[in-house]
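Structure record follows, encoded as structure tokens.
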Amino acid sequence: MERRLLHLLLVYFSAWLLLLQGVSSMQFTRDDFPDGFAFGAATAAYQYEGAAAEDGRSPSIWDTYTHSGRHPEDGTGDVACDGYHKYKEDVKLMSEIGLEAYRFTISWSRLIPSGRGVVNPKGLQFYNGMINELVKAGIQIHVSLYHMDLPKSLQDEYGGWISPKVVDDFTEYADVCFREFGDRVTHWTTVLEPNIMAQGCYDTGILPPNRCSYPFGSNCTVGNSTVEPYLFIHHTLLAHASAVRLYREKYQAAQKGIIGINMYSLWFYPFTYSAEDIGATERAKQFIYGWILHPLVFGDYAETVKKAAGCRLPFFSFHESELVTNAFDFIGLNHYTSVYSSNNNNAVKTPLHDLTADVATLFRVTKNDTPSPEFLPGNRVDPQGLQNALEYIRENYGNLPIYIQENGSGAPDGTLDDVERISYLEKHIAATLKAIRNGANVKGYSMWSFMDLYELFGGYYNWHYGLVAVDFGSAERRRQPRRSARWYSDFLKNNAVIRVEDGFVSPASHAQL
Ligand SMILES: *[C@@H]1O[C@H](CO)[C@@H](O)[C@H](O)[C@H]1NC(C)=O
Ligand SMILES: *[C@@H]1O[C@H](CO)[C@@H](O)[C@H](O)[C@H]1NC(C)=O
Ligand SMILES: CC(=O)N[C@H]1CO[C@H](CO)[C@@H](O)[C@@H]1O
């Protein structure tokens, strides 16, 4: 009797689980999002502007990288979308699509060519022109100050972000931006994705300034993979916090904007259900989220990070700890995909591999350990991972105001009929709404990218993320809205209903891959 009851209960329970997971079809409209929520799209200076040597702009470390011949097939951002000359046309397109917000980045070396000191009037003119055009179009202006494009002069002078000198220079640059543009900018983001740039720029060294050391990366001439990623993050946090303090003390009351930092967000599932892999997954989360959030919320690095890095981890003085604690009005997330984590005791020790190899797992995520292509943003579609990430942050760091600042799907072909992108975006917007309904404090969603850009991995022809296609083969860089642009427009302007039919059940384990 008892056994039968148990059996019945089990059957009932599994049916319920299935119902919860499998049949999660939902429908919603733009109006289902809370008041004040803003939908937008993003670009970034080096990937969009072009005019790299025009009107006084000086090279950044990203220019150095693209001209180094490491990936000649990718080309350079010298012309990119030629946004420097075509921004008016682009704002018109944004307006036609119905973007509520546009997030772009400022090129530090266009504004202050020597990195510090004299401000370039042509740089001011360009950003003022763009900002005014957006104001006229009634589009909210979200500006990010830094995306991997440190002025080359500062890199050469003192090694850039691995020196504490960057804190004052960044603060001075931010000051110029707040002073010149802050009357119209509603959202400031200081630095994009430092938690993953630490790996790409200073551990494996595949991204500018291409610093790494044997045996962790192989093609670097300078660097130290075991210490520099920690220095980079430490100085990024201090520079960020210093800019926030300046904004709060000098500008916020009058300008009424808000300011935050961005992080790369990636969801982790254990590769197997072994205790080791589950532990590795936890450590990976504490690194990817906690490396940035723990200091900003609690004033210090998490124990996991301290334990992994030991004496290589810089420490916050009492004064610095005070400076970083609560130094944000919001957190921006760039979220694309999910990966599997496994414990790997044999993994070489580098900062991100300190996480235990956990993050060797970043690049070793599939059942056959295929390297990076699987990791490229947008490849694995797992909207549930976004919802999990939002809920993880809420549970561990409090109900912080969150903006999803980048999310999107890249396609190797540049088809105008991008139904797969639409499906990806629909599912991720649905996941965002679900997280909000579960109590997450999400305030905005901005997709990557407004138009095809010079892509970080693959240049112009391998990955297209845009709502708007760009013909990079034509001198005029002809723009053409994709089907996804019409879909977004319908959602934003006509309150069109989105139906996510099949729900999204995340793979519970690699066995299902
Ligand atoms: C190092 O550079 C060489 C020559 O450019 C290239 O063939 C090789 O793939 C690079 N190795 C890595 C790990 O990037
Ligand atoms: C990296 O720095 C650490 C600490 O200063 C030092 O012990 C180590 O030898 C350095 N490694 C390289 C490759 O320079
Ligand atoms: C901030 C950042 O790193 N953004 C990148 C996110 O991913 C896309 C696609 O790879 C890049 O082009 C962005 O630069």
Side-chain angles (χ1 to χ4, degrees), residues 41-49 60 62 65-66 71 74 77 80-81 103-107 142-149 159 162 189-203 205-208 211-218 220-232 236 261-266 292 309-314 332-337 348-351 354 372-379 403-412 421 424 446-466 470:
T43 64
Y46 187 71
Q47 298 174 267
Y48 166 73
E49 289 175 8
S60 74
W62 204 335
Y65 165 74
T66 57
H71 295 285
D74 288 354
C81 306
R103 190 182 64 74
F104 62 95
T105 78
I106 289 180
S107 157
H142 295 212
V143 173
S144 304
L145 296 175
Y146 188 76
H147 182 17
M148 227 171 56
D149 54 353
I162 57 171
T189 304
T190 53
V191 180
L192 298 183
E193 299 183 355
N195 55 336
I196 198 79
M197 293 301 172
Q199 183 183 41
C201 306
Y202 297 93
D203 176 355
I206 57 172
L207 293 173
R211 295 180 66 96
C212 64
S213 59
Y214 183 81
F216 306 111
S218 51
C220 304
T221 49
V222 282
N224 185 332
S225 296
T226 58
V227 300
E228 290 185 359
Y230 292 110
L231 289 172
F232 165 71
T236 297
I261 191 169
N262 172 281
M263 304 188 325
Y264 192 78
S265 161
L266 182 68
I292 305 297
C311 64
R312 290 171 293 133
L313 189 69
L333 298 184
N334 289 358
H335 186 102
Y336 290 87
T337 192
V348 281
K349 288 267 176 196
T350 97
D354 273 344
S372 41
E374 273 288 325
F375 168 69
L376 279 176
N379 258 18
Y403 285 80
I404 295 163
Q405 293 186 311
E406 279 181 29
N407 172 243
S409 164
R421 174 170 300 106
Y424 177 101
S446 178
M447 69 183 50
W448 184 265
S449 47
F450 167 58
M451 58 172 47
D452 288 347
L453 302 161
Y454 174 72
E455 274 302 334
L456 205 48
F457 299 105
Y460 296 108
Y461 297 108
N462 295 321
W463 291 100
H464 303 83
Y465 282 83
V470 177

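Start at 1 and go down the list; that is how both ligands and their atoms are numbered. The first residue of the sequence shown is numbered 1, and numbering continues consecutively from there.
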Atom indices of ligand 3, in the order listed, that fall short of 4.0 Å to a heavy atom of [X]:
X    : answer
M197 : 3 (O)
E455 : 8 (C), 9 (C), 10 (O), 11 (C), 12 (O)
L192 : 1 (C)
Y465 : 9 (C), 10 (O)

| said: Just to check, does F457 reach to within less than 4.0 Å of ligand 3 when the distance is taken from its heavy atoms? | reply: no
Answer with yes or no whether the side chains of [Y] and [X] bring together a donor and an acceptor at under 3.5 Å.
X    : Y    : value
T66  : Y46  : yes
E49  : S107 : no
R103 : S144 : yes

Looking only at heavy atoms, is any part of [X] under 4.0 Å from ligand 3, and if so is it the side chain, the backbone, or both, or is it neither?
X    : result
Q47  : side chain
W463 : neither
N262 : neither
Y336 : side chain

| said: Tell me if a side-chain donor or acceptor on E455 pairs with a main-chain N or O of Y460 at a distance below 3.5 Å. | reply: no
| Nearest protein heavy atom under 4.0 Å from atom 9 (O) of ligand 2, yes or no | no
| Of the protein's non-hydrogen atoms, which lies at the shortest distance from atom 2 (O) of ligand 2, and what is that distance? | N224 ND2, 2.3 Å
| Nearest-contact summary for atom 4 (C) of ligand 2 - protein heavy atom, Å | V227 CG1, 4.0 Å
| Looking at ligand 2, does any of its N/O atoms fall within less than 3.5 Å of an N/O of S213? | no
| task | With sequence neighbours excluded, tell me which residues meet side chain to side chain donor-acceptor pair (under 3.5 Å) with Y403. | result | H187
| Nearest atoms (heavy-atom pairs only) where Q47 meets C81 | O-SG, 4.0 Å
| message | Using every non-hydrogen atom in the two residues, find where P314 and L231 come nearest and quote the distance to one decimal. | response | CG-CD2, 4.0 Å
| field | Side chains of W463 and P412 in contact at under 4.5 Å (non-hydrogen atoms) | value | yes
| Are any of the side-chain heavy atoms of V191 and M197 separated by less than 4.5 Å? | no
